[in-house]
Amino acid sequence: MTGSLEPAERVQAVGPSGIRRFFEIAEERDDVISLGVGEPDFSAPWAARDAAIQSLERGKTSYTANRGMYDLREAISRYVGDRFGLEYGPDEEILVTAGASEAVDLAFRAFVDPGDTVAVAQPAYISYGPGVTFAGGEVLPVRTREEDDFRLTVEALETAGAETADLLVLCYPNNPTGAVMSRADLEPIAAFAREHDLAVLSDEIYAELTYDERDTAADASPGTATHASIATLPGMRERTIVCNGFSKAHAMTGLRLGYALGPGGAINAMNRVHQYGMLSAPTTAQYAALEALDSCGDDVEAMVDQYNRRRRFVISRFREIGMPCFEAKGAFYVFPEVPDGWDGIANEFAERLLRERGVAVVPGDVFGVGGEGHLRVSYATGLEELREALARIESFVDQHV
Amino acid sequence: MSEREVLELLRENARYDTADIARMTDLDEDEVADAIEALEAAGIVRGYQAVVDWDRLEDERVRAEVELNVTLDRETGYDDIAERLARFPQVKALRLISGDYDFDMEVEGDSIREVSRFISEKVAPVPEITQTVTHYVMASYKENGIELGDGEDDDRLSVSP
Ligand SMILES: Cc1ncc(COP(=O)(O)O)c(C=O)c1O
């Protein structure tokens, strides 16, 4: 950049994402089966789409309250209470945002001072690091391990030196690994956060997408879902911001709607940033979201059933192919290792697989420490494509390993 | 309820082999094979067919939905009439339904003439049948739960976060 439009140092510090390159290669050819997609292959439930259309027909095209429509906040309050045992009131403790992305970004901008340290459990969703950098903070990677099924442990926090951090970012179910954490797994993490006075940003956008058998639900949250939120553990509510949204479970990525939950003061601080930067989340999307919460539970369940079948299929195929793959129990990703005997790195495996067989996956490295030697494989794709993609991967592995 | 799960998968795609179904469920291959055998033996699964989009073939099939009204007498019931009609190979589906007419019959043939002839010569003369109304299928958009459109409208980015 020339002239006075010299990007700020914080912006220059963030390079293009590692995903970008694979996107560009994939775009070059038209026979690609993509398992690199981080969004559902379903469309939003029809009732939600219809509610959006109706809201437009009724001329609902103005800003809403900064915090989001009151009805929607009430519906969110009820929903997170019923499903996950999270108790947040619509007046002060819920903020409707343009996607979970905005909620995450607001949290960084509202709670990170220049020089603050933000511990991020990795492998992690690619936006956290840059978000922290833009807010002037520094990322402290906390490595989760395959031996632990990519669950975060206190040992990992200690090894990373996370006791000095100001904020800890968690994402369970996880993008990219598909890892989940039970209530029991979260307890020592919560104790660590309390002991070292860590605030927690818990990105729970995949909360509905858990596949554990229902009988383990007792181990999960006090709600009806198998997902456990760290904010429901003793002493955690006051130090946690929960982010969620409609992109994944409700297949509404393009509608850009999410929300943050937290204690009134914290949500107030986030709203202060939000009201100047965004004013309010998209109105049409808020109507769709309200309907999604009111009447689309069955649609979500049907999608979860589909994902679950594909998940089992994909995991067993990778194991048959000789690519070790732990039992991912959430989101719509699996995280297999490049096969034993492959002497290259994951990056190279992914690139050659794409060039030689037309299958796009994302190398684990781009998600931070702990991702090396792994591939993120999304099963948000029809079974026919998955079958074909896995057959191509098998032939690629047979040829090269 | 593993049989139920297998049944659902077969309905989704009868070409899933036992290995695929085993991979998608908690069952092993033998259990899947047993479940399929049991479903077939119990007459729950009656056959496997391709779902065809005839509009894409050169040699089009002519299909018609036929409404049938019947009168019953002491000797003849719905089942008797149904049995007589179901034997014709031209009849692809036959259902007793509630509402304005009694039977809903799907007929298939090589030409409109053939189908019309079949109805006027074989169906209409059945003494209990009082009325037939034939609707020729002009286009089909969904068959057996499968949409027949072009379908390939996945416009997601090929790689996304
Ligand atoms: C972990 C995680 N958080 C947040 C997002 C962004 O979600 P939204 O579309 O609601 O901004 C994604 C999308 O991939 C994600 O994987």
Side-chain angles (χ1 to χ4, degrees), chain A residues 17-30 32-41 43 101 125-128 175-176 213 247 253-254 305-306 308-320 350 354 358 360-362 366-367 376 378 380-387 390, chain B residues 1-36 38-39 44-45 48-53 55-56 140-161:
Chain A
S17 102
I19 278 183
R20 182 80 215 161
R21 212 165 63 83
F22 283 83
F23 173 72
E24 277 158 10
I25 306 172
E27 288 300 284
E28 284 167 17
R29 42 192 295 178
D30 53 13
V32 170
I33 301 181
S34 182
L35 310 183
V37 185
E39 65 176 319
D41 57 322
S43 291
S101 299
Y125 175 52
I126 60 170
S127 295
Y128 303 138
N175 174 7
E213 278 57 61
S247 285
T253 42
D305 279 348
Q306 286 288 341
N308 194 22
R309 283 179 195 163
R310 299 168 180 181
R311 175 186 71 101
R312 288 171 166 160
F313 176 82
V314 169
I315 291 175
S316 33
R317 285 294 278 128
F318 273 117
R319 289 175 178 168
E320 288 161 16
L354 179 53
V361 298
V362 183
V366 309
F367 303 100
R376 188 192 74 174
S378 160
T381 296
L383 227 123
E384 287 304 315
E385 288 87 54
L386 288 175
R387 276 212 290 188
L390 269 299
Chain B
M1 282 308 277
S2 56
E3 258 176 39
R4 187 66 198 229
E5 214 178 343
V6 171
L7 182 61
E8 254 171 54
L9 285 164
L10 288 176
R11 289 204 59 198
E12 187 175 288
N13 186 344
R15 289 191 52 159
Y16 288 148
D17 54 29
T18 49
D20 279 343
I21 295 176
R23 289 178 187 117
M24 281 184 265
T25 56
D26 261 344
L27 310 170
D28 60 39
E29 261 190 82
D30 288 343
E31 289 171 319
V32 173
D34 289 350
I36 294 176
L39 286 164
I44 296 170
V45 171
Y48 302 91
Q49 292 183 337
V51 176
V52 177
D53 187 349
D55 295 352
R56 286 170 194 251
S140 183
Y141 301 100
K142 191 171 183 179
E143 295 282 347
N144 289 46
I146 295 177
E147 287 191 51
L148 304 182
D150 272 333
E152 285 311 312
D153 53 357
D154 186 348
D155 47 12
R156 295 178 298 164
L157 301 176
S158 51
V159 178
S160 63

Under 4.5 Å from any heavy atom of chain A - which part of B:Asp20 |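 The answer is both parts of B:Asp20.
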What part of [X] gets closer than 4.5 Å to chain B, counting heavy atoms only: side chain, backbone, both or neither?
| X | value |
| --- | --- |
| A:Phe22 | both |
| A:Glu384 | side chain |
| A:Ile126 | side chain |
| A:Arg20 | neither |
| A:Val362 | side chain |

Could you tell me which of B:Asn13, B:Thr25, B:Ile21 has the largest number of non-hydrogen atom pairs under 4.5 Å with chain A?
->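 Highest number of pairs under 4.5 Å: B:Thr25.
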Check the pair B:Asp28, B:Glu31 against side-chain contact (heavy atoms from CB on, under 4.5 Å), reporting the backbone distance first and the verdict last.
-> CA-CA 5 Å; B:Asp28 60 39; B:Glu31 289 171 319; 3.3 Å; yes
Residues, nucleotides or ligands: over 12 heavy atoms within 6.0 Å of A:Arg29 CZ = yes
Atom CD of B:Gln49 with >12 non-hydrogen neighbours under 6.0 angstrom | no
Shortest non-hydrogen contact between A:Glu39 and B:Arg156, atoms and distance =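 Smallest heavy-atom distance, with atoms named: O-NH1, 2.7 Å.
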For B:Ala14 and B:Tyr48, which heavy atoms make the closest approach, and how far apart are they?
->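 Nearest heavy atoms, B:Ala14 then B:Tyr48: CB-CD2, 3.3 Å.
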By salt bridge (Lys or Arg N to Asp or Glu O under 4.0 Å), which residues pair with A:Asp41, not counting sequence neighbours?
->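 A:Arg310.
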